[in-house]
Structure formats: C-alpha cells, structure tokens
Q: 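Have a look at this one before I ask anything.
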Amino acid sequence: MELPIWRNFSPAQRTPSILILVSLTLIILGLIPLYHPFYRYPVNLVVVHSSKITSPPYHTTKDKKIKIMEREDMCNVFIGDWVPNSDAPYYTNTTCWAIHEHQNCMKYGRPDTEFLKWKWKPKGCELPIFNPYQFLDMMRNKSMAFIGDSVGRNQMQSLICLLSRVEYPIDISYDEDQNFRTWKYTTYNFTLAAYWSPYLVTVKESDPDGPSHTGLFNLYLDEPDPKWTTQIEQFNYLILNSAHWFTRCSVYYEKNQIIGCRYCGLPNVTDLPINYGYQKALKTTLKAINSLEKFKGVTFLRTIAPSHFEGGEWNKGGNCVRKGPFRSNETSLDGVSLEFYKTQVEEFKVAAEEGKKKGKRFRLLDMTQAMLLRPDGHPSRYGHWPNENVVLYNDCVHWCLPGPIDSWSDFLLHMLKMEGRRALEEKLQLKQGVKKEWQS
C-alpha cells in the first residue's frame, strides 16, 4: 500500500526525499537523550579525583517496582560491619548543589577517597543500596519533615543528593529563613521539609558568649518548640534527631522556673548531670507528638551518631584522622554518647507504647552502632580553607558528602518498606476479620 503523499513524486524524485527523511530521523533520535531529564544529572559518577566510571546496580525499570513482601525483617539490620563497595559513591560534590560547605570535603582538599568505598552489611542478612526511583515512587503524594540539629540537616542533604539522579526539587519555602526550608519533587508530588530545632524544646539564647564562649542557652524543658510542633500535623513522616547540643552550657527551666543547669556557672544554681536536660526534652517532644490529634504519620527517632574526637576535646586540639572504619569488635559505645543513646531507646519505648493506644506509630532509626564504626567519615579540617576562622576547626561531628551518612538512606528506605508491609498485613487482617464476621 502506498501512502497518498508519495503519489505526487516520480521514482527518481523519491530516493533523495527518502534519504533526507531518514537522515532527519536519525538526527532527532540522536538529540533526544540530550534533552531527556535523566540525562541532565550524571547517575554513575564517582569522586571528582577519580576517572573510573561505574554503573549503579539498580538503574533498571525492574528495580523500580516496590517489593514490600520481601522477608527483610528477619534480622536486625542495625547490627553488622562495613564491607567494601566499589560502586560507591553515587554522586559527587560537583553533581549535587545541596551539600553544605562545611561537609564538602572534596572541595576543601581531602586527599583520600577510600572512606567512600564502603557499605553496611548486617549480620545475617543484606541491606540493599538506596534506590532513588523506588524511594520517590513510595513517597508519591506524601511528605517528610526533618526536625532537629545540623546532623539531621546533614542527613537530609545527603538524601537530596541521592535523589538528584532522578529529580531535583524546587524550593517552595515561605520565606528566606535558611533554618526552615520546604522543597517539592513535582513529578512525584513529594514534599520535603527541614525544621531547625537543635534542642527540640523552646530555647532562648541568654548570653552569646557564655562560659565556654559558645553561648549560654535557656532551655524550657517542658515546652515543645512551637516552630515545628505547629507545622507538622499534615506530614506523613517525621525524622527527629537531637543530642549533641545538650553538651553546651545551658540553664534548665520547668514551669518557667530555673531548676538547674549544665556548666552555667551561675550562683545558687545546681549543676545537673549532662543527661538530665536531654531526657526531659526528649520526653516532652515525644509526648507532644502523641498529643497531636490530627497527626497520623510515622515518627522516626534517629539515634545519636557518635563524634570521633581523638587526642583532645573539640576545642582542645581533638581531631579525627583515621582512613578506614573500625570492625565491630574494635570499639564500643561509652561516655556521653552511651548515656544519650540509652535515653533515646528508653524514651522511644515509652512513647511507642503510649502511641499505640492513640493510633500513633514510632520507629527507631538506630544509626548508632553503624556510625560508631566510622571514625574516617568526618570532615576533620576539610570543611573549610586552611587558616579560616571557624568555630569547629576539626569537625568530627558532621559527615562528609558524599560519605558514610549516605548509608542512612539505605536504612530509611528499608524501614519505609517495612511500613508498607505492615500496612498491607493490617489491611489483609482487617479483610479477614470482616469476612469471618460476615460468615458468622
């Protein structure tokens, strides 16, 4: 059958026309990849110092499907060791705009890259590498808020970088306050928000200098911070974190009365144990979430990621210069980090039990053991230019990006899949209950 348009041309005229048409088609097909959105951002680059290119193990259509029925809850994924991973990292400091300057280790000259080449291996099972397509598909029409301090912000920026291989979000924040930001992944209608609240409760800085020259803060331990508690009822997921700021000099208030302090140096004010204020604040925070009638989402309490200062405290020459992870039998949690961790687990259990009665869901994102084993993943002096005047000159608290903190998204996605499975099982149980009731 001959198309009508060709009837106006003789056979001799048709040949060059066909060649022109074929040529144009090939040119167009060649240009399409340049404008496809997935080609705007590299998906398989490694660190800027390396010329080696690797392909992510999940970049297939098949992998985009969510498998919530996998038996991934048969072991404790938070207990294990770090093993080599030649595929990592999955973005670079030149392919992601979301990296905070103080965690941009490659920009500021960190010479080693082996700290990037590890993944977490749970004892007795596997933890899949974060799949950005799967995550965004699960988050379609949902929202997630990160609430807490700068390590929480560090985690959120890592997540944005990992998701950048699929899509970058647009900023839909209401104002210019960088401590409170909101982004939207338009293709998936997924909202991501950050609420800066390092103490989680109401705080006022009473002295910018303070006894240790890092400020003196008044903490109202029985008052949840309204900057986030008034904003989160419509979110599907909350990720809470705090701890490190409670080592600072603080005055503790309850019912608007001073009840003690930590390193405040004020006359006639009792110096309380370092864990006192944190336990009170965390209890207040979790109670506040349980009291939100409209909040129906899931609350993840992310446990402390220990710092790794060696050779002195943070302001007394301490540093973190190790080049590789510990094995699980080479170190153990102790000191302040252990106290904070035990408090988090204890208060989580209380809140989760109370939450069950009110239809609230609490989950423990237990990153402590994994991050205890990563003394090599901090910026150290590579979070600023040499001789630059910064408060935390050797940073052994935050984490390089890319770096070990990227694995937190592996854990988060695993837990989200478990939530999907729980929801499906509850739905099936409900159907079976209705069926039995109808049959009886």
Q: Could you pull out the closest heavy-atom pair between C264 and V269, with the gap in Å?
A: SG-CG1, 4.0 Å
Q: Under 3.5 Å, is there a donor-acceptor pair linking the side chains of H378 and H308?
A: yes
Q: With sequence neighbours excluded, tell me which residues meet side-chain hydrogen bond (donor to acceptor under 3.5 Å, both in side chains) with D410.
A: none
Q: Could you give me the CA-CA distance, side-chain angles and deciding distance for N236 and S143, then say whether side chain to side chain donor-acceptor pair (under 3.5 Å) is met?
A: CA-CA 5 Å; N236 299 103; S143 55; 3.3 Å; yes
Q: Looking at K280, I'd like to know if its NZ atom is crowded, meaning that more than 12 non-hydrogen atoms belonging to other residues, nucleotides or ligands lie closer than 6.0 Å.
A: no
Q: Looking at E388, I want to see if its CD is surrounded by more than 12 non-hydrogen atoms of other residues, nucleotides or ligands under 6.0 Å.
A: yes
Q: Among residues at least two apart in sequence or on other chains, which ones pass side-chain contact (heavy atoms from CB on, under 4.5 Å) with L338?
A: L333, K342
Q: Once side-chain contact (heavy atoms from CB on, under 4.5 Å) is applied, do any residues pair with E293, and if so which ones, sequence neighbours excluded?
A: none
Q: Measure across F115 and P402 and return the closest heavy-atom pair with its distance rounded to 0.1 Å.
A: CE1-O, 3.8 Å
Q: Identify the heavy atoms of L401 and N93 that sit nearest to each other, and give their distance.
A: O-CB, 4.5 Å
Q: Using 30° and 60° as the class limits, which term best fits the ring planes of H384 and Y393: parallel, tilted or perpendicular?
A: tilted
Q: For Y199 versus F246, what's the shortest heavy-atom pair and its separation?
A: O-CZ, 3.5 Å
Q: According to the interplanar angle, ranging from 0 to 90°, do the rings of F190 and Y185 count as parallel (below 30°), tilted (30 to 60°) or perpendicular (above 60°)?
A: parallel
Q: Inspect the surroundings of NZ in K358 and state if more than 12 heavy atoms from other residues, nucleotides or ligands are less than 6.0 Å away.
A: yes
Q: Using 30° and 60° as the class limits, which term best fits the ring planes of F78 and F411: parallel, tilted or perpendicular?
A: parallel
